[in-house]
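Notes follow the structure.
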Amino acid sequence: MSTDIIPISRPLFALVDVNNFYVSCERAFNPDLVNQPVVVLSNNDGCAVARSNEVKALGVKMGTPWFQLKELAKQHGIVALSSNYTLYGDMSNRVMTILRDFSPHVEVYSIDECFLGLQGLGSLWPIPTGIGQTIRHRIRQWTTLPVCVGFGTTKTLAKLANHIAKKQPSFNGVCDLSTMPHEQFEAWLSTIEVGEVWGVGRQLSLHLNAAGIKTVQALRATPPAWLRAKFGVVMERLGYELRGISCLALEELSAPKKQIISSRSFGQLIDSLTELSESVASFTSSAAERLRRQNSVCNAIQVFIQTNPFREQDKQYSNCMTVPLPNASSDTRLLVRAALFGPKRIYRPGYAYKKAGVILTGIDSAAVHQESLFTLHGAGNRSAKLMSVLDQLNQRYGRETVAIFSVSKNKPWMMQQKNRTPCYTTNWQDVPIAYAH
DNA sequence: TCTGGGGTCCTAGGACCC
DNA sequence: TCTGGGGTCCTAGGACCC
């Protein structure tokens, strides 16, 4: 069979990935950075979250704290830049827009990665590497960004192909595993460590290695049923995907988020409740903005605070609390007001806080599989009932002793002296601080 | 002394991704 | 001195139901 015609029925995926994305974005607007060793730093200039090839060649790992790099930076003239996420988001949109010209089936996987579904487009793009080079050329020309393209009959294989395209200069940025002769295919897989496979992280690598599975080829040769028995359904799926049986579909419609997190490490340690509350208010309002953008409502906010775990000499403390909203809402003022009960309850004086954040949960009730205390639909009955239960309890035991922390169908409440998260209470004002400990 | 089985709902925690 | 900020999915196990 000729390899340059793709049968209509055959699934084919492409993964397009921008090289060193944040660094490449910075270079687009400052050509002096080209060919220079460059890193982009995280919030507070804490860690290197993007590295140019020159920096990678120096052995700098992703996420290395900047203070550990300063000496190396001085030696090699590494340029360090603070991150500019507005810029990166804008550049990302431009790339995705260009990619939509190549296929109607697009899954934006992350800020710098995109899957294209090419099934049925064989007559339009008979040779995958051809479309790959066209994509590279056009994105380079229109945005200056360098990309690599990988093709495979499953998403996992397309990811792997992209990895090969990046590492092996001979591929010129485009690798097609779908038409590669079998011996060559196996040969490549045998050179790649199992940890490079999408979905195999540090822990799984260790366990796979212990079982004698060290290369991608070895993983591919392992019977999926055995993988399932030993590692679970996720690894089984990976096994099939590596064998060219597609288990992961293209997700063209981005589903609304099931939780929205807003959190930050502080540049300086914070010890006052006032400052903590201000941060929590600002986190909540930015999370609420994202909530409204996806047309969701939220019925519980988790607030968390913690000290700096890296300072082992300090007294450590971390705590969190889930604050319910009886009526689900996306109104910033309501959400902030509710969220502010969190720090009030869990704050302990005498600690130096390093990080805080909020998590909006119970959002988009149709998509949430676990039921929260107050759901948007039918909130009336249930929360009214709960309120009355709580009132009775409060009368009976006194307001000092009762908080509702767990609710299910046939067990409407439980008393809890010392709460664990999530702590649900319908009467924030009156639950004494001690119970939030 | 004997001490079910199948199902649901919920949570905590672990692992992974970029 | 200085150590990111988002997310997802899966599993085990407890509580509860009939």
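All of these numbers come straight from a predicted model, not from anything done at the bench. Order of the sequence lines sets the chain letters (A, B, ...), proteins ahead of strands, with each chain counted from 1.
Contact check, A:Lys258 against C:dC9: a side-chain N or O comes under 4.0 Å of OP1 or OP2. For A:Arg290 and C:dG6, the shortest distance from a side-chain N or O to OP1 or OP2 is below 4.0 Å. The phosphate of C:dG4 has neither OP1 nor OP2 within less than 4.0 Å of any side-chain N or O from A:Ser83. Considering only side-chain N and O atoms, A:Ser265 lies under 4.0 angstrom from the phosphate OP1 or OP2 of C:dG5. One finds no side-chain N or O of A:Arg311 lying less than 4.0 angstrom from the OP1 or OP2 phosphate oxygen of C:dT1.
Atom CD1 in A:Ile261 sits roughly 5 Å away from atom P in C:dG7 (whole-Å rounding). Distance, A:Asp17 CG to B:dC17 C1': 13 Å, rounded to whole Å. Residue A:Ile111 contributes atom CD1, which lies 15 Å from atom C1' of B:dC17 at whole-angstrom precision. Nucleotide C:dG4 holds its P atom 10 Å from the CD atom of A:Gln306, rounded to whole Å. Protein atom NZ of A:Lys355 is 7 Å distant from nucleotide atom C1' of C:dG4, rounded to whole Å. One interatomic measurement links the two molecules: CG of A:Leu248 to P of C:dC10, which rounds to 10 Å at whole-angstrom precision. C:dG4 atom C1' lies 14 Å from atom CZ of A:Phe67, rounded to whole Å. Nucleotide B:dA12 holds its C1' atom 14 Å from the CD atom of A:Gln259, rounded to whole Å.
In DNA chain C, runs of at least 3 stacked Watson-Crick or G-U pairs (N1-N3 plus N6-O4 or O6-N4, or N1-O2 plus O6-N3, all under 3.5 Å) give these stems: B:5-18 with C:5-18.
With sequence neighbours excluded, the residues forming a side-chain contact (heavy atoms from CB on, under 4.5 Å) with A:Asn84 are A:Glu26, A:Thr86, A:Leu87, A:Tyr88, listed by chain and number. Residues passing the salt bridge (Lys or Arg N to Asp or Glu O under 4.0 Å) test with A:Arg228, sequence neighbours excluded: A:Glu236. Under the salt bridge (Lys or Arg N to Asp or Glu O under 4.0 Å) criterion, A:Lys159 pairs with A:Glu113, sequence neighbours left out. Partners of A:Arg292 under the salt bridge (Lys or Arg N to Asp or Glu O under 4.0 Å) rule, at least two apart in sequence or in another chain, do not exist in this structure. The salt bridge (Lys or Arg N to Asp or Glu O under 4.0 Å) test applied to A:Glu251 returns no partner, not counting sequence neighbours.
Backbone-only engagement by A:Asp112 is indicated by non-hydrogen atom pairs under 4.0 Å involving sugar-phosphate atoms exclusively. Among the heavy atoms of the strands, none lies under 4.0 Å from A:Val40. Counting any heavy atom pair closer than 4.0 Å across all strands shown, A:Phe21 reaches no nucleic acid atom.
Between the side chains of A:Ser318 and A:Gln306, no donor-acceptor pair of N or O atoms lies under 3.5 Å.
Listed candidates were B:dC18, C:dG6, C:dC10. Nearest to the side chain of A:Ser262 is C:dG6.
Within the model, atoms CZ of A:Arg290 and CD1 of A:Ile261 stand 8.5 Å from one another, a figure rounded to the nearest 0.5 Å. One finds the CE atom of A:Met96 at 8.5 Å from the CZ atom of A:Arg100 (value rounded to the nearest 0.5 Å).
Within the structure, every pair that satisfies the side-chain hydrogen bond (donor to acceptor under 3.5 Å, both in side chains) test and touches residues 38-47 of chain A, not counting sequence neighbours, is listed here: A:Asp45-A:Ser82. Counting only residues at least two apart or in different chains, ring-ring contact (aromatic ring centres under 6.0 Å, His included) contacts with residues 190-235 of chain A comprise A:Tyr109-A:Trp198, A:Phe115-A:Trp198. Under the side-chain hydrogen bond (donor to acceptor under 3.5 Å, both in side chains) criterion, the residue pairs touching residues 56-71 of chain A are A:Asn20-A:Lys56, with sequence neighbours excluded. Identified under the ring-ring contact (aromatic ring centres under 6.0 Å, His included) test for residues 238-283 of chain A, with sequence neighbours left out: none.
Ion pairing between a basic and an acidic side chain is recognised when a charged N comes within 4.0 Å of a carboxylate O; A:Arg27 and A:Glu54 show such pairing.
Residue A:Gln68 is the one, among A:Gln68 and A:Ile260, whose nearest nucleotide of DNA chain C lies closer to the 5' end (criterion: closest heavy atom).
Of the residues in residues 143-159 of chain A, not one comes within less than 4.0 Å of DNA chain C through any heavy atom. The stretch residues 198-228 of chain A has no heavy atom under 4.0 angstrom from DNA chain C at all.
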